[in-house]
Every structure is written in C-alpha cells, then in structure tokens.
Q: 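Mind having a look at this structure? Questions to follow.
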Amino acid sequence: MLREANVMQQLDNPYIVRMIGICEVENLMLVMELAELGPLHKFLQKNRHQRFEQFLHEKNLMTNVLAKIEERTGVSRLYIALAIVGFVAIYLVIGYGASLLCNLIGFAYPAYISIKAIESATKEDDTKWLTYWVVYGVFSVAEFFGDIFLSWFPFYYMGKCAFLVWCMAPTPSNGSVLIYTRIIRPFFLKNESKIDDAFKNISDKATDVADKFKDEAKRAVANIAFEEKKAS
C-alpha cells in the first residue's frame, strides 16, 4: 500500500485525486487533495447544488415565502434565494443593525424549527436541534468575551452569520454536529464529574443564601410586627 501511495504522491495531473502527504504513525494516514478539474470534483459540486435546490423545495415557512415570490415574479426560487443571501451578506458588512440581523438569523429560524421538532412524532430532529442549541450556547459565551474586539472587524458579522448558517445547515454532518462530536462531547465526557461537582456546589451555596435571606426576611417581618404592636 505504501508503494502505491508513494507513486500517487509523485503524480501531478489536474484530473485525478492527488496525494499530498503520507503520515507513517501507528495508523497509516494518506493525506489527499481533490483535483480541481477532475470529474469527481465536478460531481461533488453538482451534487452540492442539487442538495441546495432540494432544500429550497422542502415544505417550511421560508420555502413557502420563496414559492409565493417565485409564483408572482416568474423568477426561479434558486436565484431569489441567492439574491437574498447576497443582499444579507452586503448588509452585514455595511448596514446598520448588523448585530441584530445576525442574531435573528441565528435564533429566529432555529427556534421556529425547534418548536416544530418538539411537536413532531420523531426524535431525530429533536436531537439535531438540541445539538445546535448546545453549540449556539457555547459560542455565545465565547463571543461575550471576544465580541468587544472582534466586532470592530468589517467582515465579523458576515463571518458570524455564515458560521451560524453552517451550524444549522440541513445536512447530516453540519457545523453543529461536527463541533459537538469533535470538541464539546469529548470535553464533556472527560470532565463530566468535575462539572457535576461544580454545579452541585453552586446549587448548595445558592440554597444556603436563599435560606439565610428567608430567615432574615422572617426576622424583619417579626420585628416590624412587634414594633407596631408595641406602639399601639
């Protein structure tokens, strides 16, 4: 196998998959690059467009709006969708309220689909959108600390919007699935007991503070009642 891999690495033809590296570790890994002019690349590009068109013909709120616009104007919904995406991308760079628009894109549609997933009989879509919200929550916490610096970059909101759309993309392995399975889930499983202990400590301290506040409130009410009774 290594002999064939070394031969492939020497090839430089734009119509084949080209080998760009061989990693001889415990498990042999072949690092390959997809040729830009090859038929496999063209097939994948065509299939990507087909998946996008299939998504535009699914039955949901957004595609229903696109269907009505397509019916009234006679323009294909694919071009309408691309025009909307282009307008939103430009607005996120130069428009006012880009932060609000970006947050609406990352929240409004997923929230609507999540409600439909909860009301549906199947549980696969529930898991999918729960995964998205976990990633969205982690991203929001991370963004809180970096937003004051990153928001000054002109393409920040367009990049953030693209990231959120990638996370909610209607594909089996979208951004939220990849981030959860490769980063969040391994970290959680490794530190689950520590996280549980931390939350238990916080809960216990919060309970103690609430009990103390309740006792102080009772004493205050009793003192007020005693003072009023004494005055009368």
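Sequence positions, counted from 1, serve as the residue numbers for this chain.
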Q: Pairs in or reaching into residues 81-109: which pass salt bridge (Lys or Arg N to Asp or Glu O under 4.0 Å), with residues at least two apart or in two chains?
A: none

Q: Where is the tightest heavy-atom contact between S176 and V135, given as atom of each residue plus distance?
A: O-CG2, 3.5 Å

Q: To the nearest 0.5 Å, tell me how far I202 CD1 sits from T207 OG1.
A: 11.5 Å

Q: If Ile, Leu, Val, Met, Phe, Trp and Tyr residues are connected whenever their side-chain heavy atoms lie under 4.5 Å apart, and connections chain through other members, are F87 and L104 in the same group?
A: no

Q: Find out if a path of hydrophobic residues (ILVMFWY) with successive side-chain heavy-atom gaps under 4.5 Å connects L130 to F188.
A: no

Q: Can you measure from CG (N201) to CG (D196) and round to the nearest 0.5 angstrom?
A: 11.0 Å

Q: Quick one: do M168 and I115 end up in the same hydrophobic cluster if we chain Ile, Leu, Val, Met, Phe, Trp and Tyr together by side-chain heavy atoms under 4.5 Å apart?
A: no

Q: Please find the pair of heavy atoms, one from N191 and one from F187, that lie closest to each other, and give the distance.
A: ND2-O, 2.8 Å

Q: Indicate yes or no for a side-chain donor-acceptor contact from S114 to the backbone of P110 under 3.5 Å, with no hydrogens or angles considered.
A: yes

Q: Can any side-chain N or O of Y91 pair as donor or acceptor with the backbone N or O of Y96 at less than 3.5 Å?
A: yes

Q: Going only through I, L, V, M, F, W and Y residues with side-chain contacts under 4.5 Å, is there a path from F199 to L189?
A: yes

Q: Measure the spacing between CD of E143 and OH of Y156 and express it to the nearest 0.5 Å.
A: 3.5 Å

Q: Quick one: does N174's side chain get under 4.5 Å of K128's, heavy atoms only?
A: yes

Q: Please check if the number of heavy atoms outside E71 that lie under 6.0 Å from its CD is greater than 12.
A: no

Q: With a 4.5 Å limit on heavy-atom distance, are the side chains of C167 and I179 in contact?
A: yes

Q: Could you state whether I195 and I184 fall into the same hydrophobic cluster, counting links through intermediate Ile, Leu, Val, Met, Phe, Trp or Tyr residues with side-chain heavy atoms under 4.5 angstrom apart?
A: no

Q: Tell me the closest heavy-atom pair linking I80 and T73, and the distance in Å.
A: CD1-OG1, 4.2 Å

Q: Taking it one step at a time, do I105 and L164 satisfy side-chain contact (heavy atoms from CB on, under 4.5 Å)?
A: CA-CA 8 Å; I105 293 173; L164 294 175; 5.7 Å; no

Q: For the ring pair (Phe, Tyr, Trp, His ring centres under 6.0 Å) test, which of W133, Y132, Y112 pairs with F107?
A: W133

Q: Got a second to check how far W166's CH2 is from C161's SG, nearest 0.5 Å?
A: 14.5 Å

Q: Are V138 and I183 side-chain neighbours, meaning at least one heavy-atom pair lies under 4.5 Å?
A: no

Q: First locate atom NZ of K190, then atom CZ of R185, and finally report the distance between them rounded to the nearest 0.5 Å.
A: 15.0 Å

Q: Looking only at heavy atoms, what is the nearest atom pair of A117 and S120, with distance?
A: O-OG, 2.7 Å

Q: Which label fits W129 and Y109: parallel for a plane angle under 30°, tilted from 30 to 60°, or perpendicular past 60°?
A: perpendicular

Q: Which is it for K212 and D208 under the salt bridge (charged side-chain N to carboxylate O under 4.0 Å, His left out) test, yes or no, and what are the steps along the way?
A: CA-CA 6 Å; K212 290 180 180 179; D208 293 339; over 6 Å; no

Q: Can you spot which of L66, L82, V65 makes a side chain to side chain contact (heavy atoms under 4.5 Å, CB included) with R77?
A: L66

Q: Are side-chain N/O atoms of K160 and N103 paired as donor and acceptor at under 3.5 Å?
A: yes

Q: May I have all residue pairs that pass salt bridge (Lys or Arg N to Asp or Glu O under 4.0 Å) and include part of residues 86-115, sequence neighbours excluded?
A: none

Q: Taking atom CG of D126 and atom NZ of K116, what is their separation to the nearest 0.5 Å?
A: 13.0 Å

Q: Quick one: hydrophobic cluster around V177, which other residues, with the 4.5 Å side-chain cut-off, linked directly or via members?
A: none

